[in-house]
Amino acid sequence: MSDTGGNPKTDYSPGLEGVLAGESALCQVDEGASGLRYRGYAIGDLAEQASFEEVAYLLLLGRLPTRKELDDFSAQLRAQWVLPGPVEAFIGVVPPDAHPMDILRTGVSLLGMTDPDAADGSHEANVRKSIRLLAQIPVLIASAYRLGHAKRQVQPSADLNFSENLLYMLTDRQGDKTARAMARVLDVSLILYAEHEFNASTFAARVAASTLTDLHAAITAAIGTLKGPLHGGANEAVAAMLLEIKSRDRAERWVREALASKRRVMGFGHRVLKQGDPRSAIIQRQAEILSRTCGDTRWYEIATILDRTMQQEKGLYPNLDFYTAVAYLLMGIPRDLYTPAFVCSRIAGWGAHVIEQQDHNRLIRPRALYTGPPPQTYVPLAQRT
Ligand code: CMC
């Protein structure tokens, strides 16, 4: 401990910037040529060759599945699509203007109370709970959204994969060539969103998990944390910005004015990746291809102008949320479901982190640098003037 005012004798880093706050075997975040890896596998290889289900298996079960293991995993997901009665009832009474992230936060908390493994905090039960949430979250999001917008309810289909089902439930699209192209891009975005080391929401989940609370409590904390516009909420904010700019002629001026008035341009910058986000180049290429497939390059063109101007003016690069918003706009995903779609993927990373934390637990309890007044003498209430 310190010799000055009770402050601990450690280096202080606001926002924990650059601080190693724990160990993890899940994900390597590297700005260099090797980029990002999940359990040793390069994100470029996974985005190009794997499916999101494979990646979720890799994160939660520790290695890539065989064909049989993947089929069993998909069957396990399909078997858990149904929402428990209390969650269905909750969806029926949410305020009409509730944000889907808030519905999700409360819905996941409620799923924790109805989970068959609620009282079991073992490694195996945590894996089961994570797989269950992976299946339930898309259904919860879609059911609540469809009910709130007087749209007919749709059930996920056993003939569709994870991303095809998600696209179908969020947009009614399925089956044709364009829908298949959209689902593939959605799948790539889910692979890229699945895991990113000690980002704010994952860290929130690990802090909660380190008290040995239950997995659903930790995931509820993570969902609340992801909602913020400096984190997962950025993808919705990017789409709002593109819609506001509307046409490519206005893009450069818009961004220069935003910077002149010291506004943050959403979808740019990253706490760790100062030389660029390796995920961004992958999703940018996908957004460009999808724009051409859909015959609508407007959002992509506006985005590339913003991208170029931000690099010139601020030396800031797009993060994953930026071109993902272009792709989601093309897919017709309702804007306030972008961050919930992020949750559909990140639940794999969060679940894996909660399991890892509790397998090798040490309570996360850092110190604060005290900046308050010096010691004061207490004056009884009656004597205070
Ligand atoms: N637009 C304009 N200026 C920015 C931006 C931005 N998006 N990001 C950083 N800056 C500026 C900032 O104003 C500061 O400038 P100055 O030194 O002149 O005051 C400088 O860059 C450093 O910023 P910082 O806030 O110290 O950097 P940080 O590491 O704390 O911030 C960040 C990281 C992600 C919070 C920030 O870049 C940001 O607010 N970006 C916009 C929101 C966003 O896209 N979030 C998604 C993050 S990545 C994916 C995810 O987590 O979901």
Side-chain angles (χ1 to χ4, degrees), residues 12-19 21 26-27 29-31 35-36 38 43 101 104 188-206 221-242 244-245 251-284 287 303 305-328 335-350 353:
Y12 167 51
S13 176
L16 299 183
E17 181 162 357
V19 169
L26 289 168
C27 169
V29 175
D30 188 347
E31 279 198 280
L36 173 65
Y38 296 165
I43 193 69
M101 282 297 279
L104 197 49
V188 171
S189 77
L190 298 186
I191 290 171
L192 299 177
Y193 267 141
E195 162 56 8
H196 211 232
E197 201 216 43
F198 279 14
N199 58 86
S201 57
T202 302
F203 193 59
R206 286 193 77 130
I223 293 171
T225 309
L226 188 77
K227 182 186 170 195
L230 296 188
H231 192 8
N235 58 12
E236 292 185 29
V238 172
M241 172 174 74
L242 294 172
E244 186 189 325
I245 294 172
E252 186 168 335
R253 188 157 153 224
W254 190 97
V255 77
R256 287 186 193 283
E257 283 175 4
L259 291 176
S261 59
K262 303 268 175 234
R263 275 168 64 192
R264 282 194 179 224
V265 181
M266 292 294 130
F268 287 90
H270 196 279
R271 170 58 65 78
V272 178
L273 304 166
K274 298 299 183 196
Q275 305 307 315
D277 181 338
R279 301 167 299 177
S280 174
I282 298 172
I283 199 66
Q284 177 178 359
I305 295 168
L306 300 182
D307 184 351
R308 194 180 60 231
T309 313
M310 284 298 283
Q311 286 189 41
Q312 280 166 0
E313 293 297 310
K314 293 287 289 186
L316 285 171
Y317 296 91
N319 54 52
L320 173 57
D321 290 316
F322 187 65
Y323 285 102
T324 299
V326 173
Y328 287 4
R335 187 155 38 104
D336 52 2
L337 296 185
Y338 288 17
T339 316
F342 187 161
V343 175
C344 291
S345 158
R346 186 57 63 86
I347 182 61
W350 288 336
H353 273 281

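Here the structure is a predicted model, which is why all the values come from computation and not from measurement. One-based numbering, in listed order, for ligands and for the atoms of each.
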So, Ser280 and Asn319: side-chain donor and acceptor under 3.5 Å apart, yes or no? no
With a 6.0 Å cut-off on the ring centroids, do Phe268 and Phe322 count as close? yes
Below 3.5 Å, N or O to N or O, backbone or side chain included: is there any such pair between Leu259 and ligand 1? no
Are the side chains of Val238 and Tyr338 in touch, meaning some heavy atoms are under 4.5 Å apart? no
Nearest-neighbour protein heavy atom for atom 42 (C) of ligand 1, which is reported as residue plus atom name and distance: Met266 SD, 3.6 Å
One should read off an interatomic distance between Met266 CE and Leu242 CG, to the nearest 0.5 angstrom, of 13.0 Å
Atom 40 (N) of ligand 1 sits nearest the protein heavy atom Phe268 O, 2.8 Å
Have a look at ligand 1 and work out which part of Arg346, if any, has a heavy atom under 4.0 Å from it: side chain, backbone, both or neither. neither
With a 4.5 Å heavy-atom cut-off, do Met241 and Val265 have their side chains touching? yes
Students should be able to answer this: which protein heavy-atom is nearest to atom 27 (O) of ligand 1, and at what distance? Lys274 NZ, 3.8 Å
Heavy-atom protein contact below 4.0 Å for atom 5 (C) of ligand 1: yes
Atom 45 (N) of ligand 1 touched by protein (heavy atom, under 4.0 Å): yes
Going from CD on Glu252 to CG on Leu306, what distance comes out if it is rounded to the nearest 0.5 angstrom? 9.5 Å
Is there a donor-acceptor contact under 3.5 Å from the side chain of His231 to the main chain of Ser201? yes
Rounded to the nearest 0.5 Å, what separation is found between the CG atom of Leu36 and the CG atom of Leu320? 9.5 Å
d(Phe198 CZ, Leu16 CG) to nearest 0.5 Å is 11.0 Å
Measure the spacing between CZ of Phe342 and CG of Leu192 and express it to the nearest 0.5 Å. 10.5 Å
To which protein heavy atom is atom 52 (O) of ligand 1 closest, and what is the distance rounded to 0.1 Å? Asp321 OD2, 2.9 Å
Which protein heavy atom lies closest to atom 13 (O) of ligand 1, and at what distance to 0.1 Å? Arg264 NH2, 3.6 Å
Protein contact of atom 16 (P) of ligand 1 - nearest heavy atom, named by residue and atom, plus distance: Lys314 NZ, 4.6 Å
If you have a sec, work out which protein heavy atom is nearest atom 28 (P) of ligand 1 and how many Å separate them, to one decimal? Arg271 NE, 3.6 Å
For atom 8 (N) of ligand 1, is some protein heavy-atom partner under 4.0 Å away? yes
Honestly, for His270 the part within reach of ligand 1 (heavy atoms, under 4.0 Å) is both
As a quick check of understanding, evaluate side-chain contact (heavy atoms from CB on, under 4.5 Å) for Met310 and Leu259, giving each step before the final call. CA-CA 9 Å; Met310 284 298 283; Leu259 291 176; 3.9 Å; yes
Check the side chains of Tyr193 and Asp321 for a donor-acceptor pair under 3.5 angstrom, ignoring hydrogens and angles. yes
Less than 3.5 Å between some nitrogen or oxygen of His231 and one of ligand 1, yes or no? yes
Any atoms of ligand 1 less than 4.0 Å from a non-hydrogen atom of Val265? List them with their elements. 1 (N), 2 (C), 6 (C), 7 (N)
Here the atoms of ligand 1 under 4.0 Å from any heavy atom belonging to Gly232 are 52 (O)
Can you check whether a protein heavy atom sits less than 4.0 angstrom from atom 1 (N) of ligand 1? yes
If you measure from each non-hydrogen atom of Ala200 to ligand 1, which part falls under 4.0 Å: side chain, backbone, both or neither? neither
Mode of Phe342 contact toward ligand 1 - side chain, backbone, both, neither (heavy atoms, under 4.0 Å): side chain
Do Trp254 and Glu244 have side-chain atoms, one donor and one acceptor, less than 3.5 Å apart? yes
Would a search of protein heavy atoms around atom 20 (C) of ligand 1 find one under 4.0 Å away? no
Could you tell me, atom by atom, which parts of ligand 1 come under 4.0 Å of a heavy atom of Ala234? 43 (C), 44 (O), 45 (N), 46 (C)
Side chain, backbone, both or neither: which part of Leu226 has a heavy atom under 4.0 Å from ligand 1? neither
Could you find the nearest protein heavy atom to atom 10 (N) of ligand 1 and give me its residue, atom name and distance? Leu316 CD1, 3.6 Å
Asn319, portion touching ligand 1 at heavy-atom distance under 4.0 Å: side chain
Under a 4.0 Å threshold between the charged nitrogen and the carboxylate oxygen, would Glu313 count as salt-bridged to Arg256? yes
Are side-chain N/O atoms of Thr339 and Glu236 paired as donor and acceptor at under 3.5 Å? yes
Is there a polar contact between ligand 1 and Gly267, counting only N or O atoms under 3.5 Å apart? yes
Just to check, does Pro229 reach to within less than 4.0 Å of ligand 1 when the distance is taken from its heavy atoms? yes
